[in-house]
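Contents: one structure, followed by commentary.
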There are 2 protein chains.
Amino acid sequence: MSEDQDKTLPVDRRIEADITRAIYDQRMPPGTRLSEERLGELYDVSRTVVRKALFQLSSRKLVEIRANRGARVAQPSAAQAREVFAARATLEAAMLEESMTRLTPADIDALRATLAHDHDTPTNETDAAESIAESGDFHKALARLHGNPILQEFLDELIGQTSLIIALYRPREAELCSHAAHGELLDAIEAGDAARARETMHEHLMDCLDALALEPPPADALADMLGRAR
Amino acid sequence: MSEDQDKTLPVDRRIEADITRAIYDQRMPPGTRLSEERLGELYDVSRTVVRKALFQLSSRKLVEIRANRGARVAQPSAAQAREVFAARATLEAAMLEESMTRLTPADIDALRATLAHDHDTPTNETDAAESIAESGDFHKALARLHGNPILQEFLDELIGQTSLIIALYRPREAELCSHAAHGELLDAIEAGDAARARETMHEHLMDCLDALALEPPPADALADMLGRAR
DNA sequence: TCGATCAAAATTGTATCCAATCATGACGAC
DNA sequence: GTCGTCATGATTGGATACAATTTTGATCGA
């Protein structure tokens with residue numbers, strides 16, 4: 001959907017954007033070490049500028065920097081995951097309700113289009129990543145209708161963190177953020193029922209949260225992972 | 001209210017905190033140049049660490065960094081000012097409404113105490129700064145009741161930016177964020193009327209926005225400032 | 001006297017270097 | 001044989017040195 005990077009982007013921005021994209025696309029899993037020297041080699045640049053990029057990323061909570069221990073792709077805790085979804089629920093519900101008064105039919109059509117295009121994409125198992133990204137895009141499209149760039153940018157941040165959360169806590173089977181739910185959402189919007197739209201959004205995000213496997217991993221996850229009885 | 005810095009704070013954090021405080025207290029006006037070398041001298045540290053602090057501050061939009069032109073205390077435009085207040089209205093109204101269900105009488109008492117203490121402070125003209133900071137504290141106290149650290153932190157950011165906006169656009173006479181409004185807010189909260197509380201919060205912030213002198217400055221503000229007819 | 005061009009100074013951006021801290025592996029004691 | 005200690009290596013944190021850009025002011029010309 002979004003095109004490749006601008007050629008004129010400063011190198012540090014470029015690194016930042018590349019890592020961000022890699023995280024969004026689930027190519028770079030939580031916990032991945034980000035060595036300053038290695039990144040410097042890859043982009044043919046000194047550690048100074050790499051560090052700059054890493055700091056930017058850490059301020060968006062996509063990477064964690066621990067003193068003297070380097071940077072890793074962030075691994076939000078279960079508690080943080082809940083907080084992110086709760087924050088999204090509060091924010092997106094409020095934004096949506098406020099948007100409702102000034103929604104044009106054209107806006108709604110555009111949303112349907114996004115959803116349709118979304119549905120088109122073949123659900124090959126390998127890129128569930130694709131599906132996740134496009135689900136995020138739908139939420140971003142909704143937020144854009146509200147018209148406040150500050151809230152929009154903040155939500156982008158939260159959606160970014162959601163990528164990490166999904167990577168960490170998505171159960172094997174289920175798909176998150178079902179298309180069906182987005183459809184329901186659109187129905188409520190089209191009906192012009194602000195209160196219901198708000199409520200639907202809130203529930204949708206809480207459903208997404210509930211679909212995650214946030215429970216404390218079984219006491220010895222190790223044995224489980226190895227497929228051995230203890 | 002909040003005490004002086006922790007002694008064990010890393011230097012870059014310390015610089016960040018000091019500048020933040022100076023901005024909040026209206027001692028460091030928008031547009032102030034922040035020379036890397038000068039700051040380095042002041043804290044007896046190299047530019048490397050100063051830059052780190054400045055970048056942090058710029059990610060919170062308290063300072064603006066322009067390529068090869070150094071850092072200044074940010075000067076939000078009138079448009080940005082509107083966006084900040086609109087974002088606060090949306091967010092704080094939503095948070096407040098959600099908080100209402102789980103508010104205890106103790107919480108309300110604590111808020112009244114904050115407000116009373118707030119009222120106590122003598123309104124000497126010199127520190128209108130004090131009054132601004134405490135008004136911010138009241139809003140932060142409300143947000144804390146919601147219980148979501150992510151939204152809380154984000155709101156802190158917005159309130160910080162509000163300091164800059166007030167510094168830039170407060171008209172000579174008026175006080176912003178009147179105590180009266182906070183009193184009304186508390187009444188609505190105490191009455192347990194979530195919808196009214198939400199609406200009151202929204203209106204309060206919009207009133208604050210309207211009280212600002214955001215209009216494009218008269219074509220030659222310079223002449224005005226010098227008290228000369230053109 | 002005003003304006004433009006150009007040179008010098010100051011300031012930021014980046015690279016490199018050294019110091020400090022943490023991780024890894026070997027050795028030795030129990 | 002296992003655990004603890006210590007030394008070595010790798011990696012980050014910070015300071016300095018250098019390059020690039022901008023700003024300032026000075027000189028020259030109209």
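Because the structure is a prediction, the values reported are computed rather than measured. Here is how names work: the chains are called A, B, and so on, in the same order as the sequence lines, proteins then strands, and each is numbered from 1.
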So salt bridge (charged side-chain N to carboxylate O under 4.0 Å, His left out) across residues 68-91 of chain B, not counting sequence neighbours, yields B:Arg88-B:Glu92
Residues in residues 56-64 of chain A with a heavy atom under 4.0 Å of DNA chain C, by number, are none
So the salt bridge (charged side-chain N to carboxylate O under 4.0 Å, His left out) pairs with at least one residue in residues 144-163 of chain A (sequence neighbours excluded) are A:Glu153-B:Lys61
Salt bridge (Lys or Arg N to Asp or Glu O under 4.0 Å) filter on B:Glu37, not counting sequence neighbours, yields none
So ring pair (Phe, Tyr, Trp, His ring centres under 6.0 Å) across residues 149-170 of chain B, not counting sequence neighbours, yields A:Phe154-B:Phe154
Contact span of DNA chain D against chain A, any nucleotide atom under 4.0 Å from a heavy atom, 5' to 3', runs D:dT11 to D:dG13
Contacts of A:Glu98 meeting salt bridge (Lys or Arg N to Asp or Glu O under 4.0 Å) (sequence neighbours excluded), chain-then-number -> none
Applying salt bridge (Lys or Arg N to Asp or Glu O under 4.0 Å) to B:Arg102 and not counting sequence neighbours gives none
Applying salt bridge (Lys or Arg N to Asp or Glu O under 4.0 Å) to B:Glu64 and not counting sequence neighbours gives none
Can you give me the N/O atom pairs linking the protein to nucleotides 14-16 of chain C at distances under 3.5 Å, or say none if there are none?
unit_1 : atom_1 : unit_2  : atom_2 : d
C:dA15 : OP2    : A:Ser46 : N      : 3.0
C:dA15 : OP2    : A:Ser46 : OG     : 2.8
C:dA15 : N7     : A:Thr48 : OG1    : 2.8

Residues passing the side chain to side chain contact (heavy atoms under 4.5 Å, CB included) test with A:Ala133, sequence neighbours excluded, are none
What protein N or O atoms touch nucleotides 20-22 of chain C N or O atoms at under 3.5 angstrom, if any, and at what distances?
unit_1 : atom_1 : unit_2  : atom_2 : d
C:dT21 : O3'    : A:Asn68 : ND2    : 3.4

- Query: Under 4.5 Å between any side-chain heavy atoms of A:Leu151 and A:Leu155, yes or no?
  - Reply: no
